[in-house]
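None of these values were measured; they are calculated from a predicted model. Order of the sequence lines fixes the chain letters, A, B, ..., with proteins taken first and strands second; residue numbering starts at 1 for each chain.
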2 protein chains.
Amino acid sequence: MGIVTSAMGVPVPMAIESHCDECAIREASICEVLDAAQLARLRGISTVVTYAPNAPLFEEGSEAQHVSNVIEGTVTLYKLLPDGRRQILGFLYPGDFVGLALDPTYGCSAEATTVVRMCRFPRERLEKMFKDLPALEHRLLEIAGNEIKAAQEQMLLLGRKTARERLASFLLVLSRRAAARGRPASPVDLPMRRSDIGDYLGLTIETVSRTFTQFKKAGLIGLPNQSQVTLLQREILETIAEGN
Amino acid sequence: MGIVTSAMGVPVPMAIESHCDECAIREASICEVLDAAQLARLRGISTVVTYAPNAPLFEEGSEAQHVSNVIEGTVTLYKLLPDGRRQILGFLYPGDFVGLALDPTYGCSAEATTVVRMCRFPRERLEKMFKDLPALEHRLLEIAGNEIKAAQEQMLLLGRKTARERLASFLLVLSRRAAARGRPASPVDLPMRRSDIGDYLGLTIETVSRTFTQFKKAGLIGLPNQSQVTLLQREILETIAEGN
DNA sequence: CGGTTCATTGATTCGCGTCAATGCAGGTGG
DNA sequence: CCACCTGCATTGACGCGAATCAATGAACCG
């Protein structure tokens, strides 16, 4: 493996690879809309980089030099208040897109939750490529639309749902997401810590923990270990998540 | 003026006009990136519609037939939980864009807050036009990026800020928005009701009201009437909004 | 084995929600 | 012109859900 942090504390990728022939997520990423020739051009400007867990990818307000696709692992996007309060905006999984193509500065910070491999494009070069590959821009607009919808759902959650409703919603989203990727819908993986879940749902660690045990005692979920949840009563969880 | 609601309760536009030569918001809307010839094509598929206050524009989950630009008035976007809890996702002002171009169903509901005039495009026809006018799609991607950033800021507010911080943030955003449109930054207009502010900030009417009077007593704002706020101590409000 | 990190659980506090009353402006009809 | 409504905003009293503070457990690791 490689360097994770330079002598000056500046984060740098752990490792840099190069190709995308056997890319595991190609059909889920921005490349899916391109034919072979176009893909070759895109590959020309892409680099695969690897980050260690907890490595910062970029910080809010800094110049957005790259735009990336997650290939492996999960990435946490968040914003901070000056006193340290944190709001996690999302957890990105393989296939997810990082960095708005057209904005020259990042609106939030990002760090690797697990070991992360990403396919990275220099933002400016990608942008120039839009002129020749309108399909690429179309695809990004599609992705942006999905993100907006997800953000709106999250605003409903943060503004109006109770702790129980938030956690139930969270578990179901993870479960559906896993199913959509061909993974089992039920033992749901939680690659993040309780504090991350809390910061994502606008709750404290303690409330997250208490709500987990409450669900467990009610027979709605099983907690085989800290990072897995079995959904035992999916329908009841769904009712809870919708606020009934 | 025209019909506001048909006999069957189906909402229909109050009035329909036609041109966009003296459009007040052209440079702020999606049209700004087009030259005269392109604009003529776009105009060909556009209609100006007017809605009365409280008229519903569309409902979550329904088919997205149009995509529009607000010309005049303000629009409220929101989501509901089955028991009636409401989260307002945003207030749209002249120049703002309604409806993600690429999604065939609406992810939220919308209604007119005031009298509203909008420039409306049939979604499918607009989409077809993308092929010839890539600049249009580029502009939409830009708009989507701004919306994502705003949504992220709002998630921070809803998940982590206190009532005071939320209201201060809200007033400042409105003030900056007004200034950016060449209006005075200080007596801020509140075209929406207290309950709308509450549903936008994830608070109750009462908390919004109490926080207003708290700010007023502290000399931070003035409340000449129910729908206007004078920002007397902008810097202090800014400190509060950032969480200090 | 002690140290570190994270999760759980309990006791208590507190900010905001809930419930209820009052105020206030605009509109309508007598 | 006034009495009365209606819709909103304000204010107060009280309660609750989640935060805070604090202790204990559990897993992992050098």
Side-chain angles (χ1 to χ4, degrees), chain A residues 52-54 76 81 83-88 113-114 157-171 188-218 221-229 240 243, chain B residues 52-54 76 81 83-88 111 113-114 157-171 189-218 221-229 240 243:
Chain A
N54 301 315
T76 304
L81 286 172
D83 65 358
R85 276 173 286 171
R86 184 176 66 149
Q87 178 62 41
I88 289 183
T113 307
T114 60
L157 181 150
L158 293 171
R160 288 302 181 209
K161 290 189 182 180
T162 65
R164 284 166 54 85
E165 290 161 6
R166 292 180 198 203
L167 193 63
S169 304
F170 178 65
L171 293 176
V188 173
D189 274 321
L190 303 176
M192 68 296 285
R193 300 189 291 268
R194 292 288 184 271
S195 64
D196 293 332
I197 298 176
D199 285 349
Y200 180 55
L201 301 179
L203 302 169
T204 59
I205 312 177
E206 295 93 327
T207 301
V208 171
S209 190
R210 277 187 257 267
T211 310
F212 266 125
T213 57
Q214 189 187 328
F215 282 173
K216 187 181 175 180
K217 283 180 183 163
I221 62 170
L223 293 169
N225 60 63
Q226 281 184 356
S227 69
Q228 282 198 317
V229 184
I240 294 172
Chain B
N54 302 314
T76 304
L81 284 172
D83 65 359
R85 277 174 285 172
R86 183 177 67 150
Q87 178 62 42
I88 289 183
E111 65 176 52
T113 307
T114 60
L157 181 150
L158 293 171
R160 289 302 181 209
K161 290 189 181 179
T162 65
R164 282 166 55 86
E165 292 161 5
R166 292 180 198 202
L167 193 63
S169 304
F170 177 66
L171 293 176
D189 275 320
L190 302 176
M192 69 295 285
R193 300 189 289 269
R194 293 288 185 269
S195 65
D196 293 331
I197 298 175
D199 286 349
Y200 181 56
L201 300 178
L203 302 169
T204 58
I205 311 179
E206 293 93 330
T207 300
V208 170
S209 188
R210 278 187 257 266
T211 310
F212 266 126
T213 56
Q214 189 187 330
F215 282 173
K216 186 181 178 181
K217 282 180 183 163
I221 62 170
L223 293 169
N225 59 63
Q226 282 184 354
S227 66
Q228 281 198 317
V229 184
I240 294 173

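Applying the side chain to side chain contact (heavy atoms under 4.5 Å, CB included) test to A:Thr207 and every residue at least two apart in sequence or in another chain returns A:Ala163, A:Leu203, A:Thr204, A:Thr211. In terms of the side chain to side chain contact (heavy atoms under 4.5 Å, CB included) criterion, residue partners of A:Ser195 (sequence neighbours excluded) are, by chain and number, A:Arg86, A:Arg193, A:Ile205. Residues meeting the side-chain hydrogen bond (donor to acceptor under 3.5 Å, both in side chains) test with B:Ser169, sequence neighbours left out: B:Lys161.
Between B:Arg160 atom CZ and D:dA18 atom C1' there is a gap of 11 Å when expressed in whole angstrom units. The distance from atom CD of B:Gln214 to atom P of D:dT11 is 12 Å, rounded to the nearest whole Å. D:dG7 atom C1' lies 14 Å from atom CZ of B:Arg194, rounded to whole Å. Straight-line distance from the CZ atom of B:Arg193 to the C1' atom of D:dA9: 12 Å, rounded to whole Å. Put simply, CZ on A:Arg85 is 13 Å from P on D:dA19, counting in whole angstrom units.
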- Query: Which letter, B, S or -, goes with each nucleotide of nucleotides 25-30 of chain D from 5' to 3', with contact meaning a protein heavy atom under 4.0 Å?
  - Reply: ------
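Considering OG1 of A:Thr113 and CG of A:Asn54, their distance stands at 8.0 Å, rounded to 0.5 Å. Taken to the nearest 0.5 Å, the CG atom of A:Leu190 stands 7.0 Å off from the CG atom of A:Leu171. From B:Leu167, atom CG reaches atom CD of B:Gln214 across 9.5 Å, with rounding to the nearest 0.5 Å. Atom CG of A:Leu223 sits about 6.5 Å away from atom CZ of A:Phe212, to the nearest 0.5 Å. Atom CZ in A:Arg166 sits 12.0 Å away from atom OH in A:Tyr200 (nearest 0.5 Å).
At least one side-chain nitrogen or oxygen of B:Thr213 sits closer than 4.0 Å to the OP1 or OP2 atom of D:dT11.
Here chain A contacts DNA chain C (any atom closer than 4.0 Å to a heavy atom, that is under 4.0 Å), and the contacts span C:dC6 to C:dA11 from 5' to 3'.
A donor-acceptor pair shorter than 3.5 Å can be found between the side chains of B:Gln228 and B:Asp189.
Distance alone, capped at 3.5 Å, is enough to place a donor-acceptor pair between the B:Arg194 side chain and the B:Gln226 backbone. Not one N or O on the side chain of B:Arg160 forms a donor-acceptor pair closer than 3.5 Å with the backbone of A:Arg85.
Within residues 201-211 of chain A, the residues that have a heavy atom under 4.0 Å from DNA chain D are, in order of number, A:Gly202, A:Leu203, A:Thr204, A:Glu206, A:Thr207, A:Arg210.
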